[in-house]
Amino acid sequence: MSNFLLRSAESTVRRGAAASSSHLSRRPFSSGPAPDRKVAILGAAGGIGQPLALLMKLNPLVSSLALYDIAGTPGVAADVSHINTRAQVVGYAGEEQLGKALEGSDVVIIPAGVPRKPGMTRDDLFNINAGIVKSLCTAISKYCPNALVNMISNPVNSTVPIASEVFRKAGTYDEKKLFGVTTLDVVRAKTFYAGKAKVPVADVNVPVVGGHAGITILPLFSQATPATNALSDEDIKGLTKRTQDGGTEVVEAKAGKGSATLSMAYAGALFADACLKGLNGDPDVVECSFVQSSITELPFFASKVRLGKNGVEEVLGLGSLSEYEKESLEILKPELKSSIEKGIKFAKEN
Ligand SMILES: NC(=O)C1=CN([C@@H]2O[C@H](COP(=O)(O)OP(=O)(O)OC[C@H]3O[C@@H](n4cnc5c(N)ncnc54)[C@H](O)[C@@H]3O)[C@@H](O)[C@H]2O)C=CC1
Ligand SMILES: O=C([O-])CC(=O)C(=O)O
């Protein structure tokens with residue numbers, strides 16, 4: 001594994017007390033005997049899918065990499081397959097090949113669907129992406145019901161509830177195995193905090209809770225490490241807003257050519273790596289993710305989650321919040337609740 005990814009992964013995956021401290025894992029990507037693991041990427045020919053395929057091909061925990069899309073995957077697979085790393089790569093194109101792509105998967109990553117253009121909210125993607133996610137999840141429940149599902153497709157606040165309902169209907173729902181990928185929010189919060197607080201970014205840790213859209217994204221800078229008193233309340237508000245608007249910043253900069261793809265592929269690769277480490281029995285792998293939760297009154301919520309051999313091992317609590325974070329938490333709940341309900345309603349009615 002290239003050094004940059006290895007170092008970042010080390011700083012992202014923490015051990016033990018770590019869930020609430022900056023203590024870093026010393027375990028690199030490739031330590032220990034790695035069992036065979038199949039990872040499938042659905043939407044693998046897209047803006048996120050292609051660099052994510054590259055990064056998963058670099059991960060020595062992956063023995064088999066299935067790249068599925070409605071079209072274009074044979075080329076991506078041929079390209080990535082020439083890289084001299086462990087994973088055997090196969091491309092699958094078209095619905096008739098979806099079952100083969102999924103069979104035997106340990107982790108399924110879903111970046112399939114349309115991205116935003118300037119002026120759109122993530123919820124504006126619902127009408128198209130809800131149907132895509134529903135049909136892909138129906139296939140997952142048939143071909144690899146035990147896989148961990150990493151949902152990237154937006155709006156995550158609704159697509160995760162859709163997936164849960166599809167699995168529930170199929171009788172395969174296991175709340176420990178369904179994850180909304182919010183790692184990019186954490187990646188951004190770390191970057192922006194390090195820049196403002198002038199601390200080395202590799203040492204920074206910031207939990208991000210709530211959901212994955214606008215004000216539902218709540219970075220907990222009061223828990224950021226290394227702690228600093230160099231930041232004023234206004235600085236914290238500014239960092240919070242920049243993290244919440246990080247996706248929009250990229251959408252506007254790309255000016256109609258899509259949303260975050262490269263940083264998302266990086267974040268998706270980190271989260272999938274954490275899932276694989278958990279499956280392989282690494283102790284105390286902790287990441288933020290949008291999961292079924294009872295830490296608030298909402299049925300799904302992003303917070304720190306301990307990953308293990310069956311997926312979610314423990315959903316960690318929020319810890320102590322500043323007054324500003326407490327207020328922001330109450331403000332985000334109605335929007336997050338309605339996005340969750342919208343997803344459930346869609347899956348029940350379609
Ligand atoms: N969770 C997060 O933090 C983030 C989520 N996203 C979301 O990820 C999704 C994908 O974004 P991009 O890769 O930029 O879009 P893209 O348009 O470049 O790629 C999407 C791919 O999905 C494929 N696709 C469409 N329907 C499919 C189906 N039924 N089965 C399999 N593949 C299908 C398309 O052919 C395309 O190759 C968007 O919904 C975007 O909003 C983007 C960035 C961050
Ligand atoms: O903003 C978007 O549409 C894509 C996304 O979720 C992000 O970059 O966080």
Side-chain angles (χ1 to χ4, degrees), residues 1 5 9 12-13 27 29-44 48-49 52-69 73 77 80-81 85-92 97-112 133 136-153 160 163-164 166-167 170 172-181 183 265 267-287 289 291-292 305-313:
M1 177 54 57
L5 197 53
T12 297
V13 180
R27 184 185 286 255
F29 257 155
S30 54
S31 71
D36 284 353
R37 293 291 178 199
K38 177 173 173 179
V39 173
I41 301 178
L42 313 184
I48 296 167
L52 182 57
L54 167 64
L55 294 174
M56 296 317 294
K57 175 71 170 113
L58 299 183
N59 189 326
L61 299 182
V62 182
S63 57
S64 167
L65 182 60
L67 303 181
Y68 172 80
D69 206 304
T73 26
V80 165
S81 73
T85 55
R86 178 185 181 207
Q88 298 296 306
V89 183
V90 182
Y92 300 91
Q97 296 192 2
L98 178 55
K100 276 262 167 286
L102 290 172
E103 259 168 20
S105 294
D106 296 289
V107 176
V108 179
I109 315 175
I110 311 184
V133 163
L136 292 174
C137 289
T138 303
I140 289 170
S141 62
K142 185 164 173 202
Y143 294 105
C144 55
N146 294 319
L148 304 192
V149 175
N150 293 184
M151 184 68 70
I152 292 175
S153 310
V160 168
S164 76
V166 170
F167 296 149
T172 66
Y173 182 47
D174 180 347
E175 74 274 12
K176 293 183 167 56
K177 298 193 167 173
L178 176 59
F179 302 88
V181 181
T183 320
L270 285 184
F271 189 72
D273 179 66
C275 287
L276 290 166
K277 283 191 168 115
L279 286 177
N280 291 353
D282 278 21
D284 299 314
V285 180
V286 174
E287 287 292 335
S289 180
V291 294
Q292 184 174 313
V305 168
R306 191 183 309 283
L307 296 160
K309 290 188 175 172
N310 298 305
V312 175
E313 213 153 71

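Since the model is a prediction, treat every value here as computed from it, not as a measurement.
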If we only count heavy atoms from C-beta on, is the [X] to [Y] side-chain gap below 4.5 Å?
| X | Y | result |
| --- | --- | --- |
| Leu279 | Lys309 | no |
| Phe167 | Asp174 | no |
| Cys275 | Glu287 | no |
| Val39 | Asn59 | no |

Considering all heavy atoms, the nearest [X]-[Y] contact:
| X | Y | value |
| --- | --- | --- |
| Val160 | Gly180 | CG2-CA, 3.5 Å |
| Leu307 | Ala274 | CD1-CB, 3.7 Å |
| Ser141 | Thr172 | CB-OG1, 3.3 Å |
| Ser153 | Val133 | CB-CG2, 3.9 Å |
| Ser289 | Val305 | O-CG2, 4.2 Å |
| Ala265 | Ile48 | CB-O, 3.9 Å |

Could you work out, with side-chain contact (heavy atoms from CB on, under 4.5 Å) as the rule, every residue matching [X], not counting sequence neighbours?
| X | result |
| --- | --- |
| Lys57 | Leu65, Val80, Ile83, Thr85, Ala87, Val89 |
| Asp36 | Ser63, Arg86 |
| Glu313 | Arg306 |
| Val90 | Tyr92 |

How about OH on Tyr173, more than 12 heavy atoms from neighbouring residues, nucleotides or ligands closer than 6.0 Å, or not? yes
Between [atom1] of [X] and [atom2] of [Y], what distance do you get to the nearest 0.5 Å?
| X | Y | atom1 | atom2 | value |
| --- | --- | --- | --- | --- |
| Leu270 | Thr183 | CG | OG1 | 7.0 Å |
| Lys277 | Leu61 | NZ | CG | 6.5 Å |
| Asp273 | Asp282 | CG | CG | 9.0 Å |
| Leu52 | Phe271 | CG | CZ | 12.5 Å |
| Ile140 | Asn146 | CD1 | CG | 12.0 Å |

Side chain to side chain contact (heavy atoms under 4.5 Å, CB included) between Met56 and Leu67, worked out: CA-CA 11 Å; Met56 296 317 294; Leu67 303 181; over 6 Å; no
Quick one: side chains of residues 97-112, donor-acceptor pairs under 3.5 Å with protein atoms, not counting sequence neighbours, listed by atom name and distance.
| from | atom 1 | to | atom 2 | distance (Å) |
| --- | --- | --- | --- | --- |
| Gln97 | OE1 | Ala93 | N | 3.0 |
| Ser105 | OG | Leu102 | O | 2.7 |
| Asp106 | OD1 | Arg37 | NH1 | 3.3 |
| Asp106 | OD2 | Lys38 | N | 2.8 |

All ring pair (Phe, Tyr, Trp, His ring centres under 6.0 Å) counterparts of Tyr68, not counting sequence neighbours: none
